[in-house]
Amino acid sequence: MALNNTYEARLVQQETALGAGLQVLLLTLLGSAIGLGPAGWLTGLTFAIATWAVLSRALHRSGSKSFGPANRVTLGRATLVGGVTALVADSFESSPPVTLFVGLTAVALILDGVDGKVARRTGTCSTLGARFDMEVDAFLILVLSVYVSMSLGPWVLLIGGMRYAFVAAARVLPWLNAPLPPSTARKTVAALQGILLLLGASGYLPLAATQAVIALALGTLVWSFGRDILWLYRTSRPRTAPVASIASVEQQLRALVPESVSR
């Protein structure tokens, strides 16, 4: 039994290592295609190592015996996000080809709707898989925010940094850690962020239209976070019983006191 558990754990670790290998392969292809610079290579390799290390530790702590098909899709998406990250890091020296940048990002965004469906159909939904999916999404939004901010200004970074600011605030305010009810509006706003940021990053729109699109992304995100924070605050407040009126208290006392005593 122990040998079987060890064998299964090794298989899981091998899959995460394969993901890191695919990341290096993607960076090699990007390097040969566009001449990826030192900043892109360093950032891409750092992303690959960090993803492998964090994911391996999370799998070990969760005791997962199988990586699962949905997590494989998310790992493939993380590989694409690593390529996008490398391109953004390289863009500080030279702009990446728009078609390549948009293509990688678009595929990563499309796969965001695939891993969840795979998990539900195969019955492999897990807390680890949901967290892995969420972290990949959040990091892609952050990277796209950095890229768009180079042309529109630092205010765009609010889009990518909002989720991380929320996590940091939750360490100080524990009531922010309470689970939120399912919300179609929240999911829609989250999905829109990547689409609108990619549209703004593509350069296909005039400057004024790009600013309007990114402002829309930021506005909807502020609304979504604000609504959730308000709900968490209201539900975290202790519920106190209403104070009885003086008249009702007197009536209760009279009912308790015998009639002879009251006379």
Side-chain angles (χ1 to χ4, degrees), residues 6-94 96-97 100-101 103-109 111-112 114-115 126-147 149-150 157 160-161 163-165 167-168 171 194 197 201:
T6 302
Y7 177 72
E8 291 170 346
R10 287 180 178 177
L11 288 178
V12 171
Q13 296 300 326
Q14 286 173 2
E15 291 199 66
T16 60
L18 177 61
L22 290 175
Q23 184 71 79
V24 175
L25 176 60
L26 177 59
L27 293 175
T28 303
L29 293 175
L30 291 176
S32 61
I34 64 172
L36 198 63
W41 269 103
L42 180 61
T43 304
L45 290 175
T46 301
F47 179 88
I49 295 172
T51 302
W52 169 78
V54 173
L55 187 56
S56 296
R57 182 181 179 186
L59 287 166
H60 177 72
R61 294 180 64 180
S62 67
S64 300
K65 297 181 180 180
S66 173
F67 196 58
N71 285 334
R72 293 188 186 102
V73 175
T74 308
L75 184 59
R77 188 157 58 87
T79 302
L80 296 176
V81 172
V84 174
T85 303
L87 291 176
V88 171
D90 208 48
S91 68
F92 286 92
E93 297 179 358
S94 60
L100 179 61
F101 179 82
L104 283 178
T105 306
V107 175
L109 291 173
L111 288 177
D112 184 26
V114 175
D115 46 12
S126 65
T127 303
L128 174 62
R131 181 65 182 272
F132 185 25
D133 177 62
M134 181 175 61
E135 294 300 337
V136 173
D137 290 342
F139 193 79
L140 177 58
I141 297 302
L142 176 62
V143 170
L144 291 176
S145 298
V146 171
Y147 185 75
S149 70
M150 288 188 284
L157 295 175
R163 189 257 173 181
Y164 295 99
V167 172
R171 294 181 177 274
L197 281 170

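For the single chain, residues carry numbers from 1 onward in sequence order.
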request  = With sequence neighbours excluded, give me every ring-ring contact (aromatic ring centres under 6.0 Å, His included) pair touching residues 30-50.
outcome  = F47-F139
Side chain to side chain contact (heavy atoms under 4.5 Å, CB included) partners of A48, counting only residues at least two apart = Q23
note = Hits for salt bridge (charged side-chain N to carboxylate O under 4.0 Å, His left out) against D115, two or more places apart or cross-chain, chain-then-number order -> R77
remark   = Quick note, salt bridge (charged side-chain N to carboxylate O under 4.0 Å, His left out) partners involving residues 35-53, not counting sequence neighbours, are none
message = What's the separation between atom OG1 in T74 and atom CG in D112, rounded to the nearest 0.5 Å?
response = 8.5 Å
key: Smallest separation among heavy atoms of A78 and V136, with atom names   = CB-CG2, 4.0 Å
R72 CZ to L18 CG distance, which is reported to the nearest 0.5 Å = 10.0 Å
key: side chain to side chain contact (heavy atoms under 4.5 Å, CB included) against L75, all qualifying residues, sequence neighbours excluded   = L55, F67, F132
request  = If a pair satisfies salt bridge (charged side-chain N to carboxylate O under 4.0 Å, His left out) and one of its residues is in residues 26-49, list it, with sequence neighbours excluded.
outcome  = none
query = With sequence neighbours excluded, what pairs up with S91 under the side chain to side chain contact (heavy atoms under 4.5 Å, CB included) test?
reply = V88, P96, Y147, M150
message = Could you measure the distance from the CG atom of L104 to the OG1 atom of T79? Nearest 0.5 Å is fine.
response = 11.0 Å
task = Specify the closest pair of heavy atoms between L26 and G83, including all atoms of both residues, with the distance to one decimal.
result = CD2-CA, 3.9 Å
task = May I have the step-by-step check of side chain to side chain contact (heavy atoms under 4.5 Å, CB included) for L111 and V107, ending in yes or no?
result = CA-CA 6 Å; L111 288 177; V107 175; 4.1 Å; yes
task = Please round to the nearest 0.5 Å and tell me the distance separating atom CG of L197 and atom CD1 of I141.
result = 5.5 Å
Of all pairs that satisfy ring-ring contact (aromatic ring centres under 6.0 Å, His included), the ones with a partner from residues 70-93, not counting sequence neighbours = none
ask   = Which heavy atom in A58 sits nearest to a heavy atom in L128, and how many Å separate them?
value = CB-CD1, 3.6 Å
message = Suppose the criterion is salt bridge (charged side-chain N to carboxylate O under 4.0 Å, His left out): which pairs have a residue in residues 33-56, not counting sequence neighbours?
response = none
note = Residue pairs meeting ring-ring contact (aromatic ring centres under 6.0 Å, His included), one or both in residues 14-34, sequence neighbours left out, come to none
remark   = Correct closest heavy-atom pair for G194 and L144 would be O-CD1, 4.1 Å
task = Could you list the residues that satisfy side chain to side chain contact (heavy atoms under 4.5 Å, CB included) with I34, not counting sequence neighbours?
result = L36, L87, P97, L100
query = Going from OG1 on T85 to CG on D90, what distance comes out if it is rounded to the nearest 0.5 angstrom?
reply = 12.0 Å
Shortest non-hydrogen separation from N71 to G129 and the atoms involved = OD1-CA, 3.3 Å
